[in-house]
Asks: 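Below is one structure. I have some questions about it.
None of these values were measured; they are calculated from a predicted model. We name chains A, B, ... by the order of the sequence lines, and we start the count at 1 in each one. For the numbers below, each heavy atom of this structure counts, side chains included, while hydrogens, waters and symmetry mates do not.
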Amino acid sequence: MAVYQSNRLRKDGALMGLDVGVGGQVLDLETAVKDGILGGGGGIGVGGGSAEKLDLKKMIEELEAVEVPSVFICPISLDPMRDPVTLCTGQTYERSNILKWFSMGHYTCPTTMQELWDDSVTPNATLQQLIHTWFATKYSAMKKRSQDVQGRAIEVLEILKKAKGQSRIEALKELRQLAAAHSTARKSLVDNGGVGSLSSLLGPFTTHAVGSEVIAILVSLDLDYSGKTNLTQPAKISLMVDMLNEGSIETRINCTRLIEMLMEGKDFVSENVSSLSLLVGLLKLVKNERHPNGVIAGLRLLKAICSHESLRASIVSIGAVSQLVELLPGFKADCIELALHILEVLSTVPEGRLALKECAKTIPNMVKLLMKVSESCTQLALAILWAVCKLAPEECGALAVEAGLAAKLLLVIQSCYNPVLKQRSAELLKLCSSNYTATNFISKCKLTTTIQ
Amino acid sequence: MGSLCSKQRHFDKPENEENGQAAEIERRIEQETKAEKHIQKLLLLGTGDSGKSTIFKQIKLLFQSGFGEAELKSYTSIVHANVYQTIKILHDGSKELAQNEAESSKYIISSANKDVGERLSEIGGRLNYPQLTKELAEEIGSLWNDPAIQETYSRGNELQVPDCAHYFMENLQRLSDANYLPTKEDVLYARVRTTGVVEIQFSPVGENKKSGEVYRLFDVGGQRNERRKWIHLFEGVTAVIFCAAISEYDQTLFEDEHKNRMMDTKELFEWVLKQPCFEKTSFMLFLNKFDLFEKKVANVPLNVCEWFKDYQPVSSGKQEVEHAYEFVKKKFEELYFQSTSPDRVDRVFKIYRTTALDQKLVKKTFKLVDETLRRRNLFEAGLL
């Protein structure tokens with residue numbers, strides 16, 4: 001019967017939804033024939049054993065995202081079968097899986113639940129060849145597509161060298177799409193001097209339309225040292241800063257991320273990011289609650305900039321401290337930690353400490369954040385409180401206590417495992433309580449009667 | 001335009017002609033006011049000699065019909081006047097330096113040129129200048145080449161030697177030709193102190209296309225006595241193009257020889273930024289005369305100007321020029337943010353490096369300015 005059927009298939013090439021007798025599963029032969037597998041895939045051959053299996057394994061891995069026909073899937077593991085074997089019930093499984101099933105003491109067919117009258121497993125050579133051929137075809141199609149993409153990327157890069165005006169923008173848009181969708185395109189761009197070419201398009205007279213596309217592409221690439229150095233010229237950074245201030249939210253985020261990437265270069269000089277326009281632009285991003293991605297990107301770059309000591313005063317001078325403090329209540333956990341980190345670093349410079357002290361919301365917000373989000377946030381909030389209270393112990397200590405600091409600190413001391421944290425809390429408690437009498441202080445703590 | 005009071009519009013049947021005419025006139029005024037609203041007002045501000053009028057001329061050349069022959073001809077007398085004024089300043093300057101300087105011999109004009117010098121100085125002091133003849137041009141030329149005058153020229157920053165001096169002196173032959181017609185470049189270099197206000201209306205895409213923005217550009221006099229006329233122009237300005245000549249950090253004012261020009265620019269910029277009517281106005285800062293800056297930085301350190309006293313050179317040559325430029329740019333940026341209150345931080349502020357005499361550069365720069373202003377419009381209309 002099988003022979004008759006396969007003859008028929010070869011003759012017509014057309015499909016009937018035939019039951020090929022794999023027990024309840026219908027092999028979608030239409031697809032098989034359309035793909036040219038049957039009759040066309042003979043060259044690969046069934047021999048070759050383990051070498052072929054490895055290939056198949058690799059192909060299956062690389063084609064993970066592709067939808068595999070259900071008949072190729074092992075019912076036990078739900079993975080494509082590499083060595084399909086058929087039981088006496090007619091059901092097919094991956095050899096290693098069904099043997100494991102047997103080794104656990106079962107003598108039934110997993111899908112049909114029938115008891116097996118014969119424990120032999122027969123290799124299903126036909127199915128194996130079908131699977132192999134199917135994957136091989138898909139694999140070579142994918143490789144070809146990827147090569148096409150690579151080829152196209154290189155082609156567009158060449159076009160870009162001569163294009164001007166609107167055609168330049170069109171070329172950049174295409175390159176951007178290619179780079180966004182295919183990692184092979186990205187690699188091919190980097191390997192063919194794309195970074196240099198794109199970088200050369202950035203200068204003092206680059207229009208926003210061109211600049212925003214270039215930045216979008218660059219930010220998706222893997223930049224090496226020379227690429228980063230090339231991009232760190234003042235005129236190019238100036239352009240990025242301008243676009244960060246004027247562009248769409250996507251452009252702003254791209255510029256922010258790109259600058260963050262550039263800062264990771266080892267020769268990066270703090271002067272490159274010292275522009276006040278950059279800092280002001282980042283603050284605007286951070287304040288824009290409609291775009292959480294922008295907020296996080298802005299905070300991350302500010303944190304990176306803060307790490308340069310010489311820039312801290314500039315950040316304070318644009319009012320970053322009070323603005324960050326006031327934004328804290330509205331932030332999510334990851335933003336809170338970043339913002340606290342920035343504020344803590346800024347508190348290490350006198351201007352920062354002063355700004356923290358002068359902002360009315362600093363103390364109440366910091367107290368609220370103790371023991372609320374995470375241990376690192378508590379540590380940072382504590383450090384900030386310490387810096388502020390040290391500056392004016394009486395005034396700030398009083399404010400802190402009014403805001404409920406004491407209860408929080410006691411909580412930290414009691415429940416935190418970190419000895420450094422406990423120590424700090426104790427010191428802060430001492431500092432703030434120095435102006436109160438014992439009874440007065442305890443009443444301020446608003447402690448429950450049991451603890452009292 | 002004066003403000004229109006809106007009043008109840010009862011268009012009664014035009015019972016008599018007078019009513020009909022009045023209604024028509026009102027309709028026309030309303031139409032024009034509406035049209036005016038689409039015109040974007042650009043204001044060129046800056047201290048004296050910062051290059052505002054040169055930018056103005058460039059815009060005229062780029063986006064309007066340029067200079068016609070009659071207009072070019074009208075510049076002949078100005079060019080000649082510049083020549084006389086320049087040589088007089090140099091001559092008198094050399095005498096002054098010869099008197100006051102320790103190494104006075106450097107500044108003493110050779111005996112061959114002495115009389116010529118005196119005569120030219122006298123001509124230069126008149127109200128009306130004579131035609132620049134070949135003979136006069138030759139005399140001016142030989143005086144220009146006198147070592148004493150060249151020495152004086154090298155100290156031009158202490159005198160009020162105009163920036164066009166070198167250009168005109170090197171072209172005397174051509175300028176004194178009987179059929180001399182000033183070239184575009186001559187017109188751009190020609191220096192007249194603007195007084196009052198001049199305006200042009202233009203569209204960057206060219207006058208045929210209707211789709212572009214329409215700009216009205218105003219040029220003003222920069223000297224101190226002219227500045228009181230500015231305030232009348234401050235309403236409804238889309239963008240201020242503030243010109244600052246960065247090469248003037250070692251020069252003094254025409255109006256006050258004890259005041260450093262860069263300090264004057266600094267104060268003026270601050271003042272302009274704080275004006276209440278500019279709350280939402282975009283600011284385009286043109287750091288002008290970069291070509292002169294480039295040459296000067298190598299010989300005259302930036303810290304001769306008090307504002308730049310903390311400047312530290314790091315290298316030399318082209319790199320140093322770039323470094324110096326970035327320093328100056330940073331200073332202006334700091335000044336901007338210091339003078340801008342938090343509620344105004346949203347306004348557009350961009351800095352451009354310009355050389356107003358270079359037409360290509362001005363064209364490219366203006367293209368960027370136009371793009372920025374268009375994006376700003378879209379942003380304000382909520383479309384971005």
Asks: At their closest point, which heavy atom of A:G247 faces which heavy atom of B:R375, and how far apart are they?
Replies: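 The pair with the smallest heavy-atom distance is CA-NH2, 3.6 Å.
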Asks: Between B:K329 and A:P234, is any pair of side-chain heavy atoms under 4.5 Å apart?
Replies: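 Sidechains of A:P234 and B:K329: no contact.
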Asks: Counting neighbours of CD on B:Q275 that are heavy atoms of other residues, nucleotides or ligands and sit closer than 6.0 Å, is the number greater than 12?
Replies: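 Counting neighbours around CD of B:Q275, more than 12 heavy atoms of other residues, nucleotides or ligands fall under 6.0 Å, so yes.
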Asks: Taking 4.0 angstrom as the limit, do A:E271 and B:K330 come out as a salt bridge?
Replies: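 Looking at A:E271 and B:K330, the cut-off is not met.
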Asks: Does B:R347 CZ have over 12 foreign heavy atoms under 6.0 Å away?
Replies: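 Check passes, neighbour count above 12.
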Asks: Listed by residue number, which members of residues 163-170 of chain A have a heavy atom under 4.5 Å from any heavy atom of chain B?
Replies: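 Contacts with chain B: none.
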Asks: Check each atom of B:L361 against the heavy atoms of chain A and say whether the ones under 4.5 Å are side chain, backbone, both or neither.
Replies: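 Answer is both: backbone and side chain atoms of B:L361 are under 4.5 Å from chain A.
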Asks: Does CD belonging to B:E334 count more than 12 external heavy atoms closer than 6.0 Å?
Replies: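 Yes, the 6.0 Å shell around CD holds more than 12 heavy atoms from other groups.
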Asks: I would like to know whether B:K350 and A:E246 meet side chain to side chain contact (heavy atoms under 4.5 Å, CB included); could you show each step before the answer?
Replies: CA-CA 10 Å; B:K350 290 185 82 164; A:E246 279 173 37; 2.8 Å; yes
Asks: May I have the list of side-chain donor-acceptor pairs in residues 300-315 of chain B shorter than 3.5 Å, sequence neighbours left out?
Replies:
| unit_1 | atom_1 | unit_2 | atom_2 | d |
| --- | --- | --- | --- | --- |
| B:N303 | ND2 | B:Y311 | O | 2.8 |
| B:D310 | OD1 | B:K331 | NZ | 3.3 |
| B:D310 | OD2 | B:K331 | NZ | 3.4 |
| B:Y311 | OH | B:E320 | OE2 | 2.2 |
| B:Y311 | OH | B:H323 | ND1 | 3.2 |

Asks: Which region of B:Q338, side chain (C-beta onward) or backbone (N, CA, C, O), has a non-hydrogen atom less than 4.5 Å from a non-hydrogen atom of chain A, or is it both or neither?
Replies: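 When you check distances to chain A, no heavy atom of B:Q338 falls under 4.5 Å.
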Asks: Counting a contact as any heavy-atom pair under 4.5 Å apart, which residues of residues 200-218 of chain A contact chain B?
Replies: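 Near chain B, by residue number: A:P204, A:F205, A:T206, A:T207, A:H208, A:A209.
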Asks: Enter the distance from B:T372:OG1 to A:N245:CG here, rounded to the nearest 0.5 Å.
Replies: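 Answer for the OG1-CG pair, B:T372 versus A:N245, is 11.0 Å.
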Asks: Taking 4.5 Å as the heavy-atom cut-off, does anything in residues 274-293 of chain A contact chain B, and if so which residues?
Replies: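 Residues A:S274, A:S275, A:L276, A:S277, A:V280, A:K284 are the ones that qualify, each having a heavy atom under 4.5 Å from chain B.
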Asks: Would you mind telling me which of B:E322, B:K367, B:E333 has the largest number of heavy-atom pairs within less than 4.5 Å of chain A?
Replies: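 The candidate making the most pairs under 4.5 Å is B:E333.
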